[in-house]
Structures are given as structure tokens and as C-alpha cells.
Amino acid sequence: VQAAPQQVAEDKFVFDLPDYENINHVVVFMLGTIPFPEGMGGSVYFCYPDPSGLAVWQLLGFVTNEKPSAIFKISGLKSGKGSQHPFGAMNLPQTPTVAQIGISVELLESLAQQTPVANAAVSSVDSFTEFTQKMLDNFYNFASSFAVTQAQMTPNPSEAFIPANVVLKW
């Protein structure tokens with residue numbers, strides 16, 4: 001947990017992510033000690049150094065007093081294109097050596113109009129539903145690996161055969 005950001009402007013903060021190549025998800029949350037000012041929230045950006053040495057900033061989403069935490073998937077973003085960001089004129093190194101998470105305090109109206117990078121959002125399906133779906137997919141794949149055609153079946157009164165399409169329909 002990094003609770004001490006580097007303040008780069010009155011309304012902009014950055015957190016360093018030293019081992020960003022091995023990070024899949026980032027959780028951004030408010031500690032609950034200092035809320036955003038009324039009508040304000042924080043845009044969350046991800047920045048990584050591209051091979052040419054430039055800083056690539058991508059909008060992940062936002063946090064507000066009403067939505068004080070969010071999980072963002074950053075593993076697929078490390079090869080994407082940058083987007084407009086408010087950190088261009090800040091006192092940040094132009095050739096960063098580590099990735100950064102940037103928080104820009106902005107009006108709630110402007111947060112609602114921003115479009116985050118498409119693959120940054122984490123599934124909104126609850127974890128039990130996601131687990132159940134993956135478990136049943138795994139079960140179907142496992143059961144299908146034993147499939148035989150009718151010509152390959154040998155009569156055996158002690159075995160019951162269930163057509164694969166029945167499991168798939170279920």
C-alpha cells in the first residue's frame with residue numbers, strides 16, 4: 001500500500017510503481033481520512049515508459065467520495081496508445097524509469113464525460129458468479145475430453161452415457 005503520493009501540482013498526485021512489468025491489477029482507494037472537496041473526484045491515470053523513452057499516460061477511470069475505490073487491470077495496457085492527460089506540463093521526468101499512477105482532482109461533471117481505456121476495467125460480475133462460470137466451463141471441457149462417437153461405444157450395463165449437448169444446454 002502506497003499512502004504517500006508525490007504532489008506535482010495543487011490538484012495532481014503521482015504514485016510510483018517500481019515493478020510494473022509484473023503487476024496485473026492496481027487497486028486505488030481513498031483512506032477515508034480526507035474526502036474530496038464537494039463536487040470533486042479524482043481521475044486515475046496509468047503512465048509507463050514506452051521503448052522510445054516517452055511517458056505514455058492512459059485514463060483508467062475515477063474515484064469519488066461516493067465510489068471511494070476501484071480495481072483496474074493494467075497488464076494489457078503496457079503496449080497501448082496514450083490519451084489526453086493533465087500531467088503533460090507537470091514537473092515530471094519526461095523519460096520515466098518506472099510506471100506511475102496519477103490522480104487528478106477534477107469536477108464530477110468532467111469525470112462523467114471522460115472515456116477510460118477500454119480494457120482497463122475489471123469485470124463487474126461478482127467473484128462467486130465468475131468462479132461458477134469458470135468452474136462450469138472447466139467441467140464441460142473435462143467431460144468433453146472423454147467424448148466418444150456412437151460407433152465407439154461398447155455396451156456396458158453399468159455405465160450411463162450423457163450426451164454432451166445436454167450438458168452444454170444446461
Side-chain angles (χ1 to χ4, degrees), residues 1-139 141:
V1 174
Q2 294 185 21
Q6 174 187 354
Q7 187 169 0
V8 294
E10 183 180 335
D11 59 348
K12 300 195 182 13
F13 306 86
V14 293
F15 298 87
D16 287 342
L17 295 175
D19 193 22
Y20 73 97
E21 293 94 351
N22 297 316
I23 297 174
N24 292 321
H25 294 81
V26 172
V27 179
V28 177
F29 59 93
M30 297 176 58
L31 296 174
T33 55
I34 302 173
F36 284 111
E38 189 67 33
M40 304 292 277
S43 291
V44 180
Y45 291 85
F46 173 64
C47 172
Y48 68 93
D50 76 353
S52 64
L54 297 174
V56 178
W57 288 91
Q58 297 175 322
L59 177 64
L60 300 178
F62 62 90
V63 291
T64 64
N65 292 335
E66 291 74 33
K67 182 186 159 224
S69 67
I71 301 172
F72 303 106
K73 181 178 181 182
I74 63 168
S75 59
L77 303 179
K78 298 165 195 154
S79 60
K81 294 188 177 194
S83 60
Q84 261 190 324
H85 62 86
F87 293 92
M90 301 293 105
N91 188 17
L92 298 173
Q94 291 304 310
T95 55
T97 56
V98 298
Q100 294 178 318
I101 294 294
I103 309 289
S104 176
V105 180
E106 301 172 12
L107 290 170
L108 291 176
E109 292 83 33
S110 65
L111 293 180
Q113 296 174 5
Q114 296 175 350
T115 306
V117 200
N119 53 350
V122 176
S123 172
S124 61
V125 176
D126 68 70
S127 60
F128 180 74
T129 302
E130 186 175 1
F131 168 77
T132 305
Q133 288 171 339
K134 288 183 179 187
M135 179 188 67
L136 290 174
D137 286 342
N138 193 338
F139 166 72
N141 291 337

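All values below come from the heavy atoms of this structure, side chains included, with hydrogens, waters and symmetry mates left out.
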Point-to-point distance, once rounded to the nearest 0.5 Å, from NE2 of His25 to CD1 of Ile23: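 One finds 12.0 Å between NE2 of His25 and CD1 of Ile23.
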
According to side chain to side chain donor-acceptor pair (under 3.5 Å), who are the partners of [X], at least two apart in sequence or on a separate chain?
X	value
Asp19	Asn22
Gln114	Ser43, Glu106
Asp16	Gln100

Test side chain to side chain contact (heavy atoms under 4.5 Å, CB included) applied to [X] - qualifying residues, sequence neighbours left out:
X	answer
Phe36	Met30, Met40, Val63, Asn65, Val105
Ile34	none
Val27	Phe29, Ile71

Verdict with supporting geometry, Ile101 and Phe46, side-chain contact (heavy atoms from CB on, under 4.5 Å): CA-CA 5 Å; Ile101 294 294; Phe46 173 64; 3.9 Å; yes

Crowding at CD, Glu38 (>12 non-hydrogen neighbours, <6.0 Å):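 Not buried by this count: 12 neighbours or fewer within 6.0 Å.
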
Criterion side-chain contact (heavy atoms from CB on, under 4.5 Å) on Thr64 and Lys67, from CA distance to verdict: CA-CA 5 Å; Thr64 64; Lys67 182 186 159 224; 3.6 Å; yes

Which atom of Leu60 lies closest to which atom of Phe72, heavy atoms considered: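 Looking at all heavy atoms of both residues, the shortest contact is O-CE2, 3.4 Å.
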
Heavy-atom closest pair, residues Pro116 and Gly61: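 Between these two residues, the closest heavy atoms are CB-N, 4.0 Å.
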
Candidate pair Ile103 and Phe15, rule side-chain contact (heavy atoms from CB on, under 4.5 Å), full reasoning: CA-CA 9 Å; Ile103 309 289; Phe15 298 87; 4.0 Å; yes

Heavy-atom side-chain contact between Glu21 and Tyr48 under 4.5 Å: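 No; the side chains remain at least 4.5 Å from each other.
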
